[in-house]
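To start, the structure under review is shown below, and the notes come after it.
For the numbers below, each heavy atom of this structure counts, side chains included, while hydrogens, waters and symmetry mates do not.
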Amino acid sequence: MSFTNLRGLAAVVAVIGSGALAACSAPSHPAPKTYVVTMTNMDFSPKTLTANVGDTVQWVNKDIFRHSATAKDGSFDVDIDVGQSGSYKLTKPGNLQVVCKYHPTMTQQILVNP
């Protein structure tokens with residue numbers, strides 16, 4: 001094999017190697033999203049939400065009463081007046097149970113993936 005062929009082979013190996021490294025790099029995470037939840041008719045809509053750590057949930061109060069989005073585990077308590085909105089960035093995976101502290105029959109479940 002000539003020296004020129006060896007240089008060409010080395011270049012091919014370098015290109016293949018760099019592609020293999022790119023294929024083995026850390027998986028990319030999707031860009032954070034904002035999920036909008038409407039509070040109307042004394043209910044959350046949607047009642048169940050699946051999101052990822054880093055995503056934000058924004059609650060919009062379109063009802064005639066003051067509401068809250070309060071995590072039963074105490075991780076957040078977002079108080080929302082009539083016609084206003086509030087949000088919370090999800091920080092850990094798990095199954096969040098959300099309730100309105102003013103109207104305990106209003107409930108929501110947020111499934112948070114890692």
>> With side-chain contact (heavy atoms from CB on, under 4.5 Å) as the criterion, how do L49 and L111 come out once you've worked through the C-alpha distance, each side chain's angles and the decisive distance to 0.1 Å?
In response: CA-CA 6 Å; L49 178 66; L111 306 169; over 6 Å; no
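Pairs of residues two or more places apart, or lying in two chains, never qualify as salt bridge (charged side-chain N to carboxylate O under 4.0 Å, His left out) while including a residue from residues 105-114. Residue pairs satisfying the salt bridge (charged side-chain N to carboxylate O under 4.0 Å, His left out) criterion with at least one member in residues 104-114, sequence neighbours excluded, are absent.
Taking CD1 from I110 and OH from Y35, the interatomic distance works out to 11.0 Å, rounded to the nearest 0.5 Å. One distance of note links CG of D43 with OG1 of T38; it measures 11.0 Å at 0.5 Å rounding.
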Which pairs of donor and acceptor atoms, one on a side chain in residues 52-68, lie under 3.5 Å apart (sequence neighbours left out)?
residue : atom : partner : partner atom : Å
D55     : OD1  : K33     : N            : 2.8
D55     : OD2  : N52     : N            : 2.9
Q58     : NE2  : S85     : OG           : 3.3
W59     : NE1  : Q108    : OE1          : 3.0
N61     : OD1  : D63     : N            : 2.9
N61     : ND2  : F65     : O            : 2.8
N61     : ND2  : I80     : O            : 3.1
N61     : ND2  : D81     : O            : 3.4
D63     : OD2  : N41     : N            : 3.3
D63     : OD2  : M42     : N            : 2.7
D63     : OD2  : H67     : NE2          : 3.0
R66     : NE   : D79     : OD2          : 2.6
R66     : NH2  : D79     : OD2          : 2.4
H67     : ND1  : H103    : ND1          : 3.1
S68     : OG   : T70     : OG1          : 2.8
S68     : OG   : K101    : N            : 2.8

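The side-chain contact (heavy atoms from CB on, under 4.5 Å) check on K92 picks up D73, with sequence neighbours excluded. For the side-chain contact (heavy atoms from CB on, under 4.5 Å) test, residues two or more places apart in sequence or in another chain that qualify with Q97 are K72, N95, Q109.
Connection of V99 to V78 is not established within any shared hydrophobic cluster, with ILVMFWY side chains joined at heavy-atom distances below 4.5 Å, either directly or through further cluster members.
In this structure, L90 and L96 have side chains that are in contact, with non-hydrogen atoms separated by less than 4.5 Å.
Taking both residues in full, the closest heavy atoms of S75 and Y88 are given as O-OH, 3.8 Å, listed atom of the first, atom of the second, then distance. Between F44 and M39, the closest heavy-atom pair is CE2-CE, 3.4 Å.
Think of V82 as one node in a network of Ile, Leu, Val, Met, Phe, Trp and Tyr side chains linked at under 4.5 Å; it has no links at all.
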